[in-house]
Amino acid sequence: MANEKGSRDGSSGVQSLQRAFELLEHLADTGGEASLSELAASSGLPMPTIHRLIRTLVALGYVRQNLNRRYALGARLIRLGENASLQFGTWARPLLAELVDAVGETANLAVLERDEVVYVAQVPSRHSMRMFTEVGRRLLPHGTGVGKAMLAQLPAEEARALLGRTGMPAYTEHTHTEVEPFLTHLAEIAAQGYALDESEQELGVRCIAVSVDGAPTPAAVSVSGPEGRLTKEAVSRIAPVVQRIATALSEQLAARDLTA
């Protein structure tokens with residue numbers, strides 16, 4: 001009997017853990033904030049179960065209750081997400097180094113986290129004049145090559161909702177600042193297979209970016225450099241190399257999932 005009870009308790013604990021993570025996912029899917037009734041509708045869980053799980057998640061700091069009595073993702077998730085992103089960048093560095101060797105320009109890996117682009121790894125060019133983006137730096141996605149590559153993989157409504165939350169401030173005179181023309185631009189990027197940042201974040205800098213399929217969160221790899229070296233003619237030569245590295249990263253992700 002003791003073993004049967006232990007087995008039941010263990011099964012119940014696993015189920016509660018699974019449901020808690022599902023609630024976090026449902027909160028993320030709603031843009032990070034929802035009422036208990038909305039969580040009940042989206043998850044299909046009984047209200048007493050949701051009450052119990054939410055109370056626990058709030059106590060642990062993974063969920064917070066706002067003044068409007070709606071629930072949102074908590075600050076304690078930030079540390080977990082950032083650590084996971086940095087680990088993702090660590091194992092990707094050899095492929096970024098291969099990309100630098102092939103094209104001679106700085107290679108970056110970024111992920112989309114809480115509506116922002118976060119750079120999680122970089123291997124610099126060997127040129128004395130080279131691009132440098134601090135690992136951990138956060139930017140809005142509409143003004144970066146990696147951000148555009150990631151947004152181009154999202155359904156249009158998801159991209160539109162994200163842009164509505166972040167706004168589209170101009171970083172330079174070349175930054176896209178209007179939602180509907182930008183969504184058309186994203187469709188062109190998806191068809192082309194890579195995104196270009198042409199002095200949209202910083203004047204005189206060009207970036208070629210490709211999304212990484214199969215990542216646990218939207219991700220993209222890029223090369224960046226001064227326009228004088230990364231010319232439009234060079235783009236046609238370099239873009240396929242960036243696509244090859246993005247594919248290799250996707251394959252590594254798939255292999256890690258299989259061996260996890």
Side-chain angles (χ1 to χ4, degrees), residues 77-127 130-154 159 162 171 186 189-190 192-198 200-202 205-226 229-230 234-235 238-257 259-260:
L77 291 168
I78 296 172
R79 181 174 62 87
L80 297 180
E82 289 180 344
N83 285 343
S85 296
L86 291 173
Q87 289 173 6
F88 179 30
T90 297
W91 67 257
R93 279 184 61 84
L95 282 170
L96 295 184
E98 181 180 332
L99 181 55
V100 173
D101 288 341
V103 305
E105 300 294 346
T106 297
N108 310 282
L109 180 68
V111 300
L112 190 63
E113 189 175 275
R114 290 179 290 132
D115 291 349
E116 295 177 312
V117 165
V118 183
Y119 288 87
V120 296
Q122 181 179 86
V123 175
S125 163
R126 296 181 180 84
H127 291 288
R130 57 181 181 264
M131 301 302 102
F132 176 79
T133 300
E134 183 181 358
V135 171
R137 186 184 182 192
R138 292 177 174 272
L139 295 169
L140 295 183
H142 73 285
T144 67
V146 285
K148 293 198 296 182
M150 290 185 271
L151 291 180
Q153 300 305 308
L154 297 179
L162 184 152
Y171 298 112
L186 293 180
I189 290 171
Q192 179 174 256
Y194 62 89
L196 291 178
D197 166 4
E198 302 197 87
E200 295 162 46
Q201 178 63 223
E202 185 178 346
V205 176
R206 180 170 282 125
C207 173
I208 307 168
V210 178
S211 64
V212 177
D213 295 335
T217 187
V221 62
S222 71
V223 296
S224 55
R229 286 201 311 262
L230 234 176
V235 167
I238 292 174
V241 184
V242 184
Q243 290 171 321
R244 175 174 63 79
I245 295 298
T247 298
L249 284 166
S250 297
E251 290 171 349
Q252 281 199 10
L253 280 169
R256 289 168 71 91
D257 285 344
T259 58

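The structure places OG of Ser125 at 10.5 Å from CG of Asp101, a figure rounded to the nearest 0.5 Å. Between the CG atom in Leu196 and the CD1 atom in Ile189 there is a gap of 8.0 Å [rounded to 0.5 Å]. The line from CG of Leu249 to CG of Leu95 is 5.0 Å long, rounded to the nearest 0.5 Å. Glu105 CD to Ile208 CD1: the interatomic distance, rounded to the nearest 0.5 Å, is 9.0 Å. Taken to the nearest 0.5 Å, the CG atom of Leu151 stands 10.0 Å off from the CG atom of Leu140. Rounded to the nearest 0.5 angstrom, Asp197 CG and Tyr171 OH are separated by 11.0 Å.
For the pair Ala190 and Ala152, the tightest heavy-atom approach, listed with the atom from each and the gap, is CB-O, 3.8 Å. Shown here for Ala195 and Ala149, the closest heavy-atom pair between the two residues is CB-N, 3.8 Å. What you find for Pro218 and Met150 is that their closest heavy atoms are O-SD, 3.1 Å. The shortest heavy-atom contact between Ala159 and Leu186 is CB-CD1, 4.2 Å. In terms of heavy atoms, Ala110 sits closest to Val117 at CB-CG1, 3.8 Å. Here the closest heavy-atom approach between residue Val146 and residue Ala209 is recorded as N-CB, 3.5 Å.
A donor-acceptor contact shorter than 3.5 Å links the side chain of Ser250 to the backbone of Asp213. The backbone N or O of Gly143 sits less than 3.5 Å from a side-chain atom of Gln201, completing a donor-acceptor pair. Side chain of Arg206 to backbone of Leu230: a donor-acceptor contact under 3.5 angstrom is found. A donor-acceptor pair is defined here as one N or O able to donate and one able to accept, closer than 3.5 Å; no such pair exists between the side chain of Arg137 and the backbone of Val118.
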Can Gln243 and Val221 be said to form a side-chain contact (heavy atoms from CB on, under 4.5 Å), step by step?
CA-CA 9 Å; Gln243 290 171 321; Val221 62; over 6 Å; no
Please assess Arg244 against Glu98 for the test salt bridge (Lys or Arg N to Asp or Glu O under 4.0 Å), listing each intermediate value before the final yes or no.
CA-CA 11 Å; Arg244 175 174 63 79; Glu98 181 180 332; 2.8 Å; yes
Chi angles and distances behind the side-chain contact (heavy atoms from CB on, under 4.5 Å) call for Val223, Leu99
CA-CA 8 Å; Val223 296; Leu99 181 55; 3.5 Å; yes
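Between Gln122 and Leu96 there is no side-chain heavy-atom pair separated by less than 4.5 Å. Side-chain contact between Val100 and Arg126: present, with at least one pair of heavy atoms (C-beta onward) separated by less than 4.5 Å.
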